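Structure record follows, encoded as structure tokens.
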Amino acid sequence: MERITVAQARREESVGKDAVISGWVRTRRDSKGGFSFLELNDGSCFGNVQVLAEASLANYESEIKKLTTGCSVRVEGSVLKSPAKGQATEVKATKVDVYGYADADSYPIQKKGATMEFLRTIAHLRPRTNTFGAVARVRNQVSRSIHDFFQEQGFLYIHTPIITASDCEGAGEMFKVTTLDLNNVPTAEGKVDYAADFFQKPAYLTVSGQLQGEIYACALGRIYTFGPTFRAENSNTSRHLAEFWMVEPEMAFFDLYDNMTLAEAFIKRIVSDVLNKCDEDVKFFAERIDKEVPARLDGFLKSEFLRVPYTEAISILEKSGQSFEYPVKWGIDLQSEHERFLTEKHFGKPTILYDYPRTLKPFYMRVNDDGKTVRAMDVLAPGVGEIIGGSQREERYDVLVDRMKECGLDPETYQFYLDLRKYGTVPHAGFGLGLERTLLFITGMGNIRDVIPFPRTPGNAEF
RNA sequence: UCCCCGAUAGCUCAAUGGUAGAGCGAGCGGCUGUUAACCGCUAGGUUCUAGGUUCGAGUCCUAGUCGGGGAGCCA
């Protein structure tokens, strides 16, 4: 007998088929007539398929009547047009086999609502809920769209290293990677003797694949990386993870404006794919998680992103008459209250801020002719803040060396990076997009710990 | 890391310093196709932990643990 998914069984074309469906019981409803309805889900789609189990089945009293939320079953039967409202099809069972029961006294997932905080403590069972199933499918779709978008445009997918020995960028605290016995650390001249360590020098988990990405972009043109990234910052917020996924495209012969155009097309592609391919999941997010989701995504797709220089943004803020906790002045880093005012109140649409003061940004961003600003850009979305950060890179050897020194870095340790400018240098640009932040924006979920299967945060590496 | 808030049944939440309750879930019974089904009955508790105040603490105090909201840092 043909094996089909719940998604297939729910489609009208399947009516008339005899098939096998396997999945987990979401609910059982006993009808007045002495038979039961089972709602079955197997993850293939948001919805469940309704299984009709009649009392004439051999194990009706002994097994089927004992099924509760979480039990796993195999159903043989025929797909019929459903006579009742609520679903197009249903499966009339000719045989129901139980793979495993889920003791209802202890199984923590029930039909009615549980809090996200509680579900987080049972991360091994939470993908069986509507919410986490939907998040997983949307996360999968976004990941796929990332690859589709870049592959269609001829970008190469480059695998940059997870372990790195260059303590660079100052992009937050890094996790150390070592095989040294921490209870008995070898020392030399009173300091840790890294010569005795695996890499014979300090090594870390990557905070960005950008520098390695630039190496490949400066040879092969257009590349992207997509993988896990690690930050050892002691951040306890709904927007930070110690381990998260980041997409970083890098393009030779792109200037900052090319970069903006690409970033906008990229993020719009992701959003429109989710709307087109995860409609049931999006509908659920709109109904149960965040009512604003459809309007926000729709507005996002329809509006042209604004492009506003930092200097202009500052003067808008200064003239706004708003009182901010952090006073506005040229040269300050924009706080979330400032970004929110600009995108939500003043512009009311996604906005790309660019040309930031050089003192605020890392050494690798290209210095403008004014000498005061660099070719940086942040894409700000209403409701979520920064979702993309990028820049045109400094391609002039001497300027780059000066900037390294200015940022307190030793140019000698970045010789490989300088070589890209020494030999056949090219203008190039790139950006980074945080996968989980994008998912917050798309799903309306409130906490970043709930859009990654197994969140790692300070004090938490369970499961 | 800083500020604020919270922790009571499997889950979601009540309870003026004076006998710990409800809804859902579960078990049993009822109900002629149900849709988070419905109706009745039953079982279910180390009130986060350790101290303290009090005749008496879920409630007040101190410390800790865990969680949430906000901020900083950032993606």
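Order of the sequence lines fixes the chain letters, A, B, ..., with proteins taken first and strands second; residue numbering starts at 1 for each chain. Since the structure is predicted, the reported quantities are computational estimates derived from the model, not experimental observations.
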Problem set entry | Base C38(B) paired with Arg29(A) side chain (donor-acceptor, <3.5 Å) | no
For this session: Determine the interatomic distance between P on A26(B) and the same-named atom on C60(B); round to the nearest Å.
Result: 35 Å
For this session: Answer yes when Glu39(A) and Arg29(A) have at least one side-chain N-carboxylate O distance shorter than 4.0 Å, and no when they do not.
Result: yes
Problem set entry | Intermediate values then yes/no, side-chain contact (heavy atoms from CB on, under 4.5 Å), Val247(A) and Thr438(A) | CA-CA 11 Å; Val247(A) 186; Thr438(A) 306; over 6 Å; no
Problem set entry | C48(B) and A57(B), which share atom name C1', separated by this distance in whole Å | 16 Å
Exercise. Can you check the Tyr101(A) OH to A26(B) P distance for me, whole Å?
Worked result: 15 Å
For this session: With heavy atoms under 4.0 Å as the rule, sort Leu433(A) into base, sugar-phosphate or nothing.
Result: nothing
Seminar exercise, completed: Atom CZ of Arg28(A) and atom C1' of A36(B) are separated, to the nearest Å, by 15 Å
Exercise. Do Phe324(A) and His338(A) have side chains that get closer than 4.5 Å, going by heavy atoms?
Worked result: yes
For this session: Using atom CG of Leu67(A) as one end and atom C1' of A26(B) as the other, report the distance to the nearest whole Å.
Result: 14 Å
Exercise. Is it the case that Lys361(A) places NZ or CZ above or below the six-membered ring of Tyr356(A), under 6.0 angstrom from the centre and within 45 degrees of the axis?
Worked result: yes
Exercise. Ion pair present between Asp450(A) and Arg126(A), side-chain N to carboxylate O less than 4.0 angstrom?
Worked result: yes
Problem set entry | Spacing between Arg231(A) atom CZ and C74(B) atom C1', to the nearest angstrom | 7 Å
For this session: Check whether any side-chain heavy atom of Ile215(A) lies under 4.5 Å from a side-chain heavy atom of Glu250(A), and answer yes or no.
Result: no
For this session: Work out which heavy atom in Ile64(A) is nearest to a heavy atom in Arg28(A); give both atom names and the distance.
Result: O-CD, 3.5 Å
For this session: Determine the interatomic distance between C1' on U49(B) and the same-named atom on U8(B); round to the nearest Å.
Result: 15 Å
For this session: Determine the interatomic distance between P on C2(B) and the same-named atom on C38(B); round to the nearest Å.
Result: 48 Å
Exercise. Reckon Glu243(A) touches a base, only the sugar-phosphate, or nothing at all at heavy-atom distances under 4.0 Å?
Worked result: nothing
Problem set entry | Pairwise C1' distance for G64(B) and G27(B), with rounding to whole Å | 40 Å
Seminar exercise, completed: Of Leu360(A) and Ala84(A), the one whose nearest nucleotide on RNA chain B sits closer to the 5' end is Ala84(A)
Exercise. Please give, in whole Å, the distance from U12(B) C1' to Leu119(A) CG?
Worked result: 12 Å
Exercise. Reckon Leu241(A) touches a base, only the sugar-phosphate, or nothing at all at heavy-atom distances under 4.0 Å?
Worked result: base
Exercise. Under the ring-ring contact (aromatic ring centres under 6.0 Å, His included) test, which residues partner His428(A), sequence neighbours left out?
Worked result: none
Problem set entry | Interatomic distance where CZ belongs to Arg26(A) and P belongs to A37(B) [whole Å] | 12 Å
Seminar exercise, completed: When Thr343(A), Val379(A), Leu334(A) are each screened for side chain to side chain contact (heavy atoms under 4.5 Å, CB included) with Leu353(A), the one that passes is Leu334(A)
For this session: Find the distance Asn48(A):CG to U34(B):P and express it as a whole number of Å.
Result: 18 Å
Problem set entry | Sequence-aligned protein contact record of nucleotides 65-72 of chain B, with B where the base is within under 4.0 Å of a protein heavy atom and S where only the sugar-phosphate is | --SSSSBB
For this session: Taking side-chain contact (heavy atoms from CB on, under 4.5 Å) as the test, write out the residues that go with Phe149(A), two or more places apart.
Result: Gln153(A), Leu262(A), Ala265(A), Phe266(A), Arg269(A)
Exercise. With respect to Phe155(A), which candidate in Phe254(A), Phe150(A), Tyr216(A), Phe226(A) satisfies the ring-ring contact (aromatic ring centres under 6.0 Å, His included) definition?
Worked result: Phe150(A)
Exercise. Roughly, in whole Å, what's the span from CG in Leu353(A) to P in A75(B)?
Worked result: 15 Å
Exercise. Who passes ring-ring contact (aromatic ring centres under 6.0 Å, His included) against Phe463(A), sequence neighbours left out?
Worked result: His124(A)
Identify each atom pair where a protein N or O and an N or O of nucleotides 8-11 of chain B are less than 3.5 Å apart, giving names and distance.
unit_1	atom_1	unit_2	atom_2	d
G10(B)	N2	Gln110(A)	OE1	2.3
G10(B)	N2	Gln110(A)	NE2	3.0
G10(B)	N3	Gln110(A)	NE2	2.8
C11(B)	O2'	Gly113(A)	O	3.3

Exercise. For Phe35(A) and Asp30(A), take the nucleotide of RNA chain B holding the closest heavy atom to each; which residue's nucleotide lies nearer the 5' end?
Worked result: Phe35(A)
For this session: Please measure how far the C1' atom in U32(B) lies from the corresponding atom in G45(B), and state the result in whole Å.
Result: 41 Å
Seminar exercise, completed: The correct list of stems in which RNA chain B takes part (3 or more consecutive Watson-Crick or G-U pairs, distances under 3.5 Å) is B:1-7 with B:65-71, B:10-13 with B:21-24, B:26-30 with B:38-42, B:48-52 with B:60-64
Exercise. Does a side-chain heavy-atom distance below 4.5 Å link Leu409(A) with Tyr414(A)?
Worked result: yes
Problem set entry | A20(B) and A14(B), which share atom name C1', separated by this distance in whole Å | 10 Å
For this session: For nucleotides U16(B) and G6(B), find the distance between their P atoms and express it as a whole number of Å.
Result: 15 Å
